[in-house]
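Convention: sequence-line order gives letters A, B, ...; per-chain numbering from 1.
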Amino acid sequence: MSRTLSRDFYERPVVDVARSLIGKRLVRNLHDDLLAGVIIETEAYDGEQDRACHAHRGKTRRNAVMYGPPGCAYVYFTYGLHWLLNCVTGAEDYPAAVLIRAIQPIHGLEVISQNRAGIAQELWCNGPAKLTRALAIDGTFNGCDLCQQNGILQITEGITIPDDKIQATPRIGIGYAGEPWISKPWRFEAKMQLAEVNALIE
DNA sequence: TCTTCGATTGTCT
DNA sequence: GACAATCGAAGAA
C-alpha cells in the first residue's frame, strides 16, 4: 500500500491542502476489508473569519476538533441524516478543515456496493454524504487521526493529477455566508473522465 | 426550553 | 425542477 500522508502535509494553509488532496487515496480499514478511493473533489473552510466555516462563531463542542492538531478527521452530522467527512489543517488552535466531497472507488468495491445497494456505481461516492455512507464513516470517527499507518481511516499518497486538470470553483451550499465568501474559488475538482482517473491507478 | 435551519440526498412530478 | 426527510447544534428567550 502507498505511503500514509504525514502530519506535515496537513500543517499548511487549508486552501493549499484542499488542492493537493486531489488525487490522494482515502483508505478505510473495515474489519478484514480494505475500502479505498481516490479523492476527486474537496472544499476548503478557513478559520473564524470565513463565514461559511463552522468555526465562524468561535469554538463550540461541535467544531472543537477543528481547533485541534492537523491531520485529524472532523466528522459532523447534518440535515438529520448525513455524516460529512473533513480533515483538519493548519496550526493547532487555528480552525480550518477540508471537506471531502467526492472520491472514485478503487478498492473494496464489493463492500461499497453493499453499502450503496441499488445505486448505480458512478453515483456511489459522488457526494460528501454519499462517500461516508459508502465507506461506513460516522460520528465515531470524529477526532480520529488520519496519519496513523493501518489506522481505521487514513489518507495515503495516490495518483498525480496534472495541474490543468484541477478546476477551482466557488463552494457549494453556502449562500448564507454572504460575500466575499460565496465567491471564493475554494472548491477543487479533478476535471477528468473516470476512465482517465482509472488509467492512472496502477 | 423553544425555534430555526443546515458544507445533502433521493424521490416524485 | 421542487421538495420532503430528519435531528442535533446553535442562538434566542
Side-chain angles (χ1 to χ4, degrees), chain A residues 10 13-22 24 26 28 35 37 39-68 70-90 94-105 112-144 146 153 155 166-190:
Chain A
Y10 301 96
V14 63
V15 175
D16 294 348
V17 177
R19 193 175 201 288
S20 39
L21 274 175
I22 300 293
K24 299 292 188 281
L26 180 64
R28 166 82 166 100
L35 314 183
I39 296 171
I40 55 176
E41 188 179 343
T42 62
E43 280 180 6
Y45 290 86
D46 188 25
E48 295 181 353
Q49 75 279 6
D50 177 1
R51 291 186 52 82
C53 180
H54 283 168
H56 81 274
R57 290 183 192 279
K59 189 174 184 177
T60 65
R61 194 165 63 210
R62 181 203 208 187
N63 66 30
V65 171
M66 270 203 282
Y67 289 79
C72 291
Y74 168 45
V75 181
Y76 73 92
F77 190 65
T78 191
Y79 289 103
L81 62 167
H82 297 307
W83 294 101
L84 303 205
L85 171 66
N86 303 252
C87 35
V88 177
T89 70
Y94 183 84
V98 176
L99 171 68
I100 311 295
R101 289 191 60 89
I103 64 174
Q104 167 72 1
I112 291 175
S113 71
Q114 289 166 20
N115 292 338
R116 306 288 291 141
I119 297 171
Q121 180 164 358
E122 60 272 21
L123 304 180
W124 282 351
C125 298
N126 67 335
K130 295 181 182 181
L131 69 93
T132 57
R133 175 77 64 88
L135 299 189
I137 294 168
D138 62 20
T140 62
F141 288 75
N142 192 33
C144 97
L146 299 172
L153 189 63
I155 300 178
I166 298 179
Q167 187 177 60
T169 57
R171 293 172 290 178
I172 300 292
I174 56 157
Y176 60 85
E179 294 291 2
W181 311 109
I182 293 175
S183 300
K184 296 276 187 190
W186 287 354
R187 173 186 181 214
F188 298 96
E189 189 178 5

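Considering only residues two or more places apart in sequence or on other chains, A/His54 meets the side-chain contact (heavy atoms from CB on, under 4.5 Å) condition with A/Arg62, A/Asn63, A/Met66, A/Tyr74, A/Tyr76. Shown here are the side-chain contact (heavy atoms from CB on, under 4.5 Å) partners of A/Val75, two or more places apart in sequence or in another chain: A/Ala73, A/Trp83, A/Leu85, A/Ile137, A/Phe141, A/Asn142.
Helical stems in DNA chain C, defined as runs of 3 or more consecutive Watson-Crick or G-U wobble pairs with both donor-acceptor distances under 3.5 Å, are listed by first residue as B:1-6 with C:7-12, B:8-12 with C:1-5.
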Task: Annotated protein contacts, base or backbone, on nucleotides 6-13 of chain B with a non-hydrogen cut-off under 4.0 Å, one of B, S, - each - done: BBBSS---

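Side-chain atoms of A/Trp124 come within 3.5 Å of backbone N or O of A/Ile119 as a donor-acceptor pair. Remark: the backbone N or O of A/Cys87 is not paired with any side-chain donor or acceptor of A/Tyr10 at under 3.5 angstrom. Within the 3.5 Å criterion, the main-chain N or O of A/Gln121 finds no donor-acceptor partner in the side chain of A/Arg116.
The pair A/Arg101-A/Glu43 meets the salt-bridge criterion, since a charged nitrogen lies less than 4.0 angstrom from a carboxylate oxygen.
C/dC3 and B/dC5: their C1' atoms are spaced 15 Å apart (whole Å).
Among residue pairs with one or both ends in residues 127-137 of chain A, those qualifying as side chain to side chain donor-acceptor pair (under 3.5 Å) are A/Asn126-A/Lys130; sequence neighbours excluded. Annotation: side chain to side chain donor-acceptor pair (under 3.5 Å) contacts involving residues 173-182 of chain A, sequence neighbours excluded, comprise A/Glu179-A/Ser183.
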